[in-house]
Number of protein chains: 2
Amino acid sequence: MRQWAAERPDLDVSPMEVIGRLKRLSRLVDAELKRNFAAYDLDAASFDVLATLRRSGAPYRLTPTALMQSAMVTSGAITQRLDRLEARGLVTRSLSEVDGRSREVALTGAGHALIDRALPAHVDTERGLLAGLDPAETSALVETLRTLLASLGDSAADSEG
Amino acid sequence: MRQWAAERPDLDVSPMEVIGRLKRLSRLVDAELKRNFAAYDLDAASFDVLATLRRSGAPYRLTPTALMQSAMVTSGAITQRLDRLEARGLVTRSLSEVDGRSREVALTGAGHALIDRALPAHVDTERGLLAGLDPAETSALVETLRTLLASLGDSAADSEG
DNA sequence: CCAATATATCTCAGCGCTAAGACATCCGTC
DNA sequence: GACGGATGTCTTAGCGCTGAGATATATTGG
């Protein structure tokens with residue numbers, strides 16, 4: 001920030017302070033979570049799909065489109081994630097009975113068991129990452145992030161985990 | 001969150017609320033910034049390198065290692081970014097005079113001009129992304145992110161933009 | 001001084017993602 | 001019912017990054 005103020009005093013670079021830190025934090029978090037995923041033979045992408053299916057509740061079925069929106073990736077990315085998960089026997093894909101264009105992605109028993117095993121350590125890792133904040137700071141942060149996401153039109157701002 | 005509480009009532013998934021939103025926000029921000037980069041024939045990676053060199057001040061020279069630490073990517077990624085920028089005439093690479101292992105990466109006139117042109121719109125885009133927060137919320141957010149980064153050992157928590 | 005170790009950069013295979021587009025199916029309108 | 005546009009999924013080429021490792025130079029301790 002100091003550097004920018006010296007180099008481009010004509011610009012108000014204060015937004016960089018927020019967004020730069022946000023990006024940095026996101027990278028640090030990703031790197032830390034990755035370590036835990038690896039302990040369960042997972043990566044962030046696979047974990048994301050399994051966790052989304054898991055939290056959707058019985059019968060643990062969602063369409064690729066739903067998974068795509070939750071993950072905020074392209075349809076091609078979801079297709080490939082599902083290819084990998086299906087090959088490992090963690091999910092199944094079947095034709096939708098109500099829409100001929102669509103598929104139903106379902107957790108298998110193995111997928112269910114794996115995500116249930118990986119979840120506790122994952123949440124613990126996340127808790128550890130936030131250990132530097134006291135409860136008041138944490139809840140203020142949640143609230144601010146919710147406000148920000150809502151202002152950007154993110155529909156999942158109220159339900160996402 | 002509601003879904004998790006119903007599915008895994010044994011787990012305190014509150015950390016997911018923070019980290020999930022953080023990740024989501026980071027993706028939205030990336031997507032929005034990307035649009036502006038494209039208007040200047042840049043991508044996030046190239047912009048990052050040019051901006052880092054630019055804010056380092058005259059003589060706008062840094063080592064690949066310094067760029068690597070700033071960008072939080074591997075050395076291979078920096079090598080490739082520099083290959084691309086060098087091919088476009090936006091930076092030059094020369095041997096270090098003080099360390100035979102090292103290189104000096106310098107902004108060219110074209111690189112300097114390009115980043116100076118792209119910067120104002122970039123900062124404006126960032127400002128727009130934060131428009132949903134009032135000044136008090138914004139400064140509280142900065143402070144919280146700083147605290148969090150510091151607690152995670154991020155040395156650049158105080159200077160990064 | 002030399003050996004051992006650390007550091008700086010580059011190389012490259014492999015991987016997951018995007019972007020663009022193909023294809024099938026659904027839906028609204030006439 | 002047929003047409004045209006919208007939607008859901010998959011395909012594929014290309015791209016940037018990682019991770020492992022190669023190479024060269026620097027540093028440190030004996």
Side-chain angles (χ1 to χ4, degrees), chain A residues 23-24 26-35 37-38 41-50 52-53 61-88 90-106, chain B residues 23-24 26-35 37-38 41-50 61-88 90-106:
Chain A
K23 205 163 180 146
R24 238 180 140 74
S26 180
R27 275 185 181 279
L28 286 172
V29 166
D30 283 352
E32 185 64 27
L33 294 181
K34 185 186 209 175
R35 235 167 289 171
F37 293 146
D41 273 314
L42 287 169
D43 54 26
S46 296
F47 181 93
D48 177 59
V49 171
L50 296 180
T52 302
L53 285 167
R61 289 174 178 275
L62 292 171
T63 62
T65 295
L67 292 167
M68 176 182 107
Q69 290 164 346
S70 166
M72 297 176 68
V73 296
T74 61
S75 62
I78 288 296
T79 297
Q80 291 172 44
R81 289 182 181 189
L82 294 177
D83 287 347
R84 300 195 290 273
L85 290 169
E86 197 176 26
R88 292 180 60 186
L90 301 175
V91 305
T92 59
R93 263 187 287 206
S94 53
L95 294 170
S96 165
E97 295 174 3
V98 295
D99 186 335
R101 297 164 300 178
S102 191
R103 302 286 181 274
E104 298 247 314
V105 180
Chain B
K23 205 163 180 146
R24 237 179 141 78
S26 181
R27 275 186 182 277
L28 286 172
V29 165
D30 283 352
E32 185 64 27
L33 294 180
K34 184 184 208 177
R35 235 167 289 173
F37 293 146
D41 273 313
L42 287 169
D43 53 25
S46 294
F47 181 93
D48 177 60
V49 170
L50 295 180
R61 289 174 178 274
L62 292 171
T63 62
T65 296
L67 292 167
M68 177 182 105
Q69 289 164 348
S70 167
M72 297 177 70
V73 296
T74 61
S75 62
I78 288 295
T79 297
Q80 291 171 42
R81 288 182 182 190
L82 294 176
D83 287 347
R84 300 194 290 271
L85 290 169
E86 196 175 28
R88 291 180 60 187
L90 300 174
V91 306
T92 59
R93 262 187 287 205
S94 54
L95 294 170
S96 166
E97 295 175 1
V98 295
D99 187 334
R101 298 165 301 178
S102 190
R103 303 283 181 276
E104 299 247 314
V105 180

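Just so it is clear: chains get the letters A, B, ... in the order the sequence lines come, proteins before strands, and each one is counted from 1.
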ask   = If you check every side-chain atom of A:Arg101, which of D:dT7, C:dC10, D:dC10 has the closest atom?
value = D:dT7
Whole-Å distance between [N] [atom2] and [X] [atom1]?
X: A:Glu104; N: D:dC10; atom1: CD; atom2: C1'; result: 17 Å
X: A:Arg93; N: D:dT11; atom1: CZ; atom2: C1'; result: 12 Å
X: A:Phe47; N: C:dG16; atom1: CZ; atom2: C1'; result: 18 Å
X: B:Glu97; N: D:dT25; atom1: CD; atom2: P; result: 16 Å
X: A:Asp99; N: C:dT25; atom1: CG; atom2: P; result: 10 Å
X: A:Leu67; N: D:dG8; atom1: CG; atom2: C1'; result: 13 Å
X: B:Gln69; N: C:dT7; atom1: CD; atom2: P; result: 11 Å
X: A:Arg103; N: C:dC26; atom1: CZ; atom2: P; result: 11 Å

message = Taking A:Asp83 first and then A:Arg88, would you say they form a salt bridge - that is, a charged N and a carboxylate O separated by under 4.0 Å?
response = no
request  = In plain terms, say whether B:Asp30 and A:Lys23 are close enough for a salt bridge, that is, a side-chain N and a carboxylate O under 4.0 Å apart.
outcome  = yes
Check: [Y] main-chain N/O paired with [X] side-chain donor or acceptor under 3.5 Å:
X: A:Thr79; Y: A:Ser75; answer: yes
X: B:Ser46; Y: B:Leu42; answer: no
X: B:Ser70; Y: B:Ala66; answer: no
X: A:Arg81; Y: A:Gly76; answer: no

query = Along nucleotides 16-22 of chain D, 5' to 3', which nucleotides get a B, which get an S, and which get a -, given that the test is a protein heavy-atom distance under 4.0 Å?
reply = SBBS---
message = Using a heavy-atom cut-off of 4.0 Å across all strands, would you classify B:Ser102 as base, sugar-phosphate, or nothing?
response = sugar-phosphate
ask   = Hey, does B:Thr63 reach any base, or is it just sugar-phosphate, or nothing, if we go heavy atoms under 4.0 Å?
value = sugar-phosphate
query = Are side-chain N/O atoms of A:Ser96 and A:Asp99 paired as donor and acceptor at under 3.5 Å?
reply = no
